[in-house]
Amino acid sequence: MKKSLAILFVFVSCVIQAQPNTEIYVFDLVKTDSNYTIQNPVNITHQNPRYDNQPYFTDNGDLLFVSTRQGQTDVAQVDMEKYKWTWLTATPGSEYSPTQLPGSTAFSAINLEKDGTQLLWKYSPNGKPEVIIPDLIIGYHCWFDSKTLVSFVLGDPSTLQVCDTNTKACKTYGKNIGRSLHKIPGQPKVSFISKEKEHWEILSLDPASGKTELITKTIKDSEDMCWAPNGTIFMGKDDQLYSFNPSVDADWKLVTFNKNKIFTQNNNPLKAITRITINPTGNKIAVVVEQ
């Protein structure tokens with residue numbers, strides 16, 4: 001374990017040093033007859049000129065994300081009605097991938113301590129933070145339900161693991177996966193990206209049985225995606241967003257950006273798109289871009 005943590009510490013230290021200056025823009029997401037349009041961009045992280053990333057909409061529509069301050073990353077929250085920031089953590093280590101626990105005001109996040117220890121923690125508004133799965137080096141995660149955790153576990157290769165957080169028992173259902181894990185709207189399944197083939201694939205997973213099924217291929221070499229409440233998938237690549245609804249679409253469709261006088265063709269906030277997330281009502285999309 002010490003050797004694994006040492007290797008992980010070197011890897012993560014390099015990643016942290018190489019973190020780009022990123023911003024999070026929130027757009028209105030509008031459904032048209034044929035597809036989707038985004039409009040009215042708002043830079044909600046303009047206060048911080050460094051690393052702002054990993055946005056996650058909560059059940060009430062607020063946005064969790066991580067932001068750099070004093071050489072580390074902490075979890076912050078934006079009230080989307082007032083566009084007001086609140087810091088939620090101030091730990092000696094750095095937090096990543098904040099995710100609301102189902103049916104709770106608590107959230108989980110990866111905590112990377114200064115000695116290289118990396119574990120998933122639970123943060124409650126009025127409680128002491130606690131480790132969720134001891135000794136499991138989780139890189140990314142999503143919640144299937146209040147006790148079932150689906151995780152990207154670091155290793156060579158990375159593995160897809162489903163854990164019962166009550167018993168701490170975990171099962172491995174895949175390897176060489178991407179970082180994007182999501183509960184599929186309206187289905188008792190989660191989605192993940194498999195990198196086993198040259199052209200990566202979006203697969204569904206039944207956490208109870210371990211059964212997987214192909215949903216579609218990704219946008220070429222893109223690994224960040226999210227689901228809209230109606231079952232449409234969104235992915236970004238470079239300065240373009242795409243949508244795909246497995247129920248009705250044969251291929252990916254380009255999402256139109258309705259520019260206004262503030263954003264011209266040469267002043268486009270969509271640059272090097274990575275993480276994306278959509279709010280529970282499906283009318284807002286948060287997009288991480290390079291500054």
Side-chain angles (χ1 to χ4, degrees), residues 1-12 15 54 56 58-59 64 66 73-75 88-184 187-196 203-213:
M1 178 60 71
K2 290 183 178 179
K3 182 179 180 181
S4 297
L5 287 176
I7 294 172
L8 176 63
F9 180 66
V10 172
F11 170 75
V12 175
V15 171
Q54 301 170 354
Y56 178 94
T58 64
D59 291 343
L64 302 178
V66 297
T73 59
D74 286 313
V75 177
L88 300 183
T89 64
T91 64
S94 290
E95 278 79 36
Y96 298 93
S97 302
T99 305
Q100 184 178 16
L101 273 69
S104 172
T105 56
F107 66 90
S108 54
I110 308 298
N111 180 281
L112 175 63
E113 299 179 20
K114 292 184 177 180
D115 66 359
T117 301
Q118 179 169 326
L119 295 171
L120 183 67
W121 288 70
K122 174 183 176 180
Y123 299 82
S124 301
N126 300 310
K128 184 178 179 180
E130 57 184 281
V131 175
I132 296 175
I133 303 288
D135 301 324
L136 194 66
I137 307 175
I138 295 173
Y140 309 95
H141 70 290
C142 77
W143 291 94
F144 175 69
D145 57 34
S146 60
K147 72 178 184 67
T148 307
L149 182 72
V150 181
S151 301
F152 170 115
V153 178
L154 290 170
D156 188 17
S158 58
T159 55
L160 176 67
Q161 297 192 26
V162 177
C163 300
D164 184 318
T165 57
N166 291 338
T167 65
K168 313 303 182 186
C170 300
K171 294 182 179 179
T172 300
Y173 288 127
K175 63 180 182 178
N176 196 18
I177 68 168
R179 64 192 178 195
S180 199
L181 303 169
H182 302 279
K183 179 75 180 294
I184 301 177
Q187 297 186 38
K189 298 177 181 180
V190 297
S191 66
F192 69 99
I193 291 178
S194 171
K195 296 184 175 181
E196 288 286 272
L203 304 181
S204 67
L205 168 73
D206 179 342
S209 66
K211 182 181 178 181
T212 62
E213 293 181 330

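What's counted below: heavy atoms across the whole structure, side chains too, no hydrogens, waters or symmetry copies.
- Atom CD1 in Ile137 sits 6.5 Å away from atom CG in Leu154 (nearest 0.5 Å).
- Atom CG of Asn166 is surrounded by more than 12 heavy atoms from other residues, nucleotides or ligands within 6.0 Å.
- With Ser209 as reference, Asp206 is the one residue of Leu205, Thr212, Asp206 to meet the side chain to side chain contact (heavy atoms under 4.5 Å, CB included) rule.
- Between Ser204 and Gln187, every side-chain heavy-atom pair lies at or beyond the 4.5 Å cut-off.
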Working for side chain to side chain contact (heavy atoms under 4.5 Å, CB included), residues Leu119 and Thr117: CA-CA 7 Å; Leu119 295 171; Thr117 301; 4.0 Å; yes
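- Relative ring orientation between Tyr123 and Trp121 is described as tilted, the plane-to-plane angle lying within the 30° to 60° band.
- A heavy-atom distance below 4.5 Å is found between the side chains of Leu88 and Leu64.
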Evaluation steps, side chain to side chain contact (heavy atoms under 4.5 Å, CB included), between Phe144 and Ile184: CA-CA 9 Å; Phe144 175 69; Ile184 301 177; over 6 Å; no
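- Contact check on Lys211 versus Glu213 returns a salt bridge, with a Lys/Arg side-chain nitrogen under 4.0 Å from an Asp/Glu carboxylate oxygen.
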Steps toward side chain to side chain contact (heavy atoms under 4.5 Å, CB included) verdict (Ser180, His182): CA-CA 7 Å; Ser180 199; His182 302 279; 2.8 Å; yes
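- Using a 4.5 Å heavy-atom cutoff, the side chains of Ser124 and Thr105 are not in contact.
- To the nearest 0.5 Å, atom CD of residue Gln54 and atom CZ of residue Arg179 are 8.5 Å apart.
- Interatomic distance, Leu181 CG to His141 NE2, rounded to the nearest 0.5 Å: 9.5 Å.
- The two residues Ile110 and Leu120 make their nearest non-hydrogen contact at CD1-CD1, 3.6 Å.
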Chi angles and distances behind the side chain to side chain contact (heavy atoms under 4.5 Å, CB included) call for Cys170, Leu136: CA-CA 9 Å; Cys170 300; Leu136 194 66; 3.9 Å; yes
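- With rounding to the nearest 0.5 Å, the separation of OG in Ser97 from CZ in Phe107 is 12.0 Å.
- Note: Phe152 and Tyr140 have perpendicular aromatic rings, judged against thresholds of 30 and 60 degrees for the angle between ring planes.
- The nearest pair of heavy atoms linking Val75 to Ala109 is CG2-CB, 4.4 Å.
- Expressed to the nearest 0.5 Å, how far CD1 of Ile138 lies from CG of Leu149 amounts to 5.0 Å.
- When all heavy atoms are compared, the tightest approach of Ile132 to Ser108 is CD1-CB, 3.8 Å.
- Of the possible donor and acceptor atoms, one in the side chain of Thr91 sits under 3.5 Å from a partner among the backbone N and O of Gly93.
- Annotation: Lys175, atom NZ; neighbour count of heavy atoms from other residues, nucleotides and ligands within 6.0 Å does not exceed 12.
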